[in-house]
Number of protein chains: 2
Amino acid sequence: MVNDPFKALSHPIRRGIVEQLAAGPAPVGEATAGFGVSKPAISKHLKVLEETGVVTRVVEGRTHWVSLEPEVLGEAADWMERQRALWGRLFDVVDEYLKEEGPK
Amino acid sequence: MVNDPFKALSHPIRRGIVEQLAAGPAPVGEATAGFGVSKPAISKHLKVLEETGVVTRVVEGRTHWVSLEPEVLGEAADWMERQRALWGRLFDVVDEYLKEEGPK
DNA sequence: CGGATCATTAACCATATGGTTAACAATACC
DNA sequence: GGTATTGTTAACCATATGGTTAATGATCCG
C-alpha cells in the first residue's frame with residue numbers, strides 16, 4: 001500500500017482530526033482544537049496524515065486549509081468491509097461446526 | 001477505545017494475519033506463513049493482535065489456535081463506515097460550494 | 001515599522017516498534 | 001530417554017513515534 005491510511009488512523013488524535021474534517025475543510029487551528037497537546041505535536045500528526053495521503057493542505061495567506069481525501073480513507077473502509085464480509089462466512093463456518101456437533 | 005483495533009491494523013503483517021484468519025481459526029504457523037520474517041517477529045505481532053483484542057488464542061497441546069474476534073474488528077469497521085457516511089455529506093458541501101460559484 | 005496571529009522547524013528526550021539470534025518450554029513421537 | 005515439532009522468551013539493536021520548549025517563518029493589521 002503506497003498510502004497507508006491505517007497507519008494514519010492508528011493514533012486517537014489523528015482519528016479525532018479526521019472526525020473534525022468530516023464537516024468540511026478547515027484551518028489547522030480549527031481542525032485540531034481541543035486535543036490537549038502542544039502545537040508542534042499537532043503539526044506532526046498533521047504531517048503523518050498528509051504523508052499517508054489522508055489529508056491535503058492548501059496554504060492561503062497565513063492559514064493552512066486542511067481537507068480530507070475520501071478516496072484514500074476509502075481504501076481503508078473498503079478493506080474493512082471486505083474483511084467484514086469474510087467474517088460473515090466465518091460465522092457460517094462456526095454455525096456448521098455447531099450443527100455437526102449436534103444439539104445438546 | 002479500550003481495544004484499539006486500528007493500532008492492531010497499522011502494520012501490513014498484522015493485516016495479513018487478519019486476512020488469513022478470516023478463513024477460520026488456525027494454528028499460529030498456518031495463520032502466519034509466508035510473511036518473510038522470523039518466528040519471534042511473528043510472535044510479537046500476534047501479541048499485539050491479542051492485546052488489542054483482535055484475536056484470541058487457545059492452546060491445545062503444542063499448537064496455539066488463533067481466532068479472529070469479529071466484534072472488536074467491527075468497532076473499527078463501524079467507525080470507518082460512520083466516517084464514510086460523513087464524507088458523503090462532505091461531497092454535498094463541495095457540490096453546494098461549486099453551485100454557489102456558479103457555472104464558468 | 002512593530003506587534004499580533006497562525007503555524008512550522010529545530011533540538012531534545014523517553015518510550016515504543018519491529019527486527020534479529022540464541023536459548024528455552026512444552027508436547028509429540030520413536 | 002532422545003529427538004523433532006511448535007511456538008515463546010530473553011537480550012539486543014536501530015529506528016520510529018509522540019511529546020516537550022524555544023526559535024523561526026510568514027502574513028496581516030495598526
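Reminder, nothing fancy here: chain letters follow the sequence lines and each chain counts from 1.
Between B:Q20 and B:E30, the shortest heavy-atom distance links the atoms OE1-O, 4.4 Å. Considering every non-hydrogen atom in both A:N3 and A:T52, the closest pair reads CB-O, 3.2 Å. Between A:W87 and B:L68, the shortest heavy-atom distance links the atoms NE1-CD2, 3.3 Å. Minimum interatomic distance between B:G74 and A:R84 (heavy atoms only, all atoms of both residues): O-NH1, 4.0 Å.
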Strictly under 4.0 angstrom, non-hydrogen atoms only: write out the protein contact profile of nucleotides 25-30 of chain C, one letter per nucleotide from the 5' end, B, S or -. --BS--
Please encode protein proximity along nucleotides 11-21 of chain C as a string of B, S and -, counting only heavy-atom distances under 4.0 Å. B-----SSBBB
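Proximity of a side-chain donor or acceptor of B:R15 to a complementary backbone N or O of B:L9 within less than 3.5 Å is detected. Without hydrogens or angle criteria, B:S10 side chain to B:K7 main chain gives a donor-acceptor distance under 3.5 Å. A donor-acceptor pair under 3.5 Å is absent between the side-chain atoms of A:R14 and the main chain of A:H45, judged by distance alone.
The nearest whole Å value for the distance from the CD atom in B:E50 to the P atom in D:dG7 is 13 Å. Residue A:H64 contributes atom NE2, which lies 10 Å from atom P of D:dA26 at whole-angstrom precision. Rounded to a whole Å, the CD atom of B:E51 is 13 Å from the P atom of D:dT8.
Remark: B:K47 does not engage B:E50 in a salt bridge, criterion side-chain N to carboxylate O under 4.0 Å.
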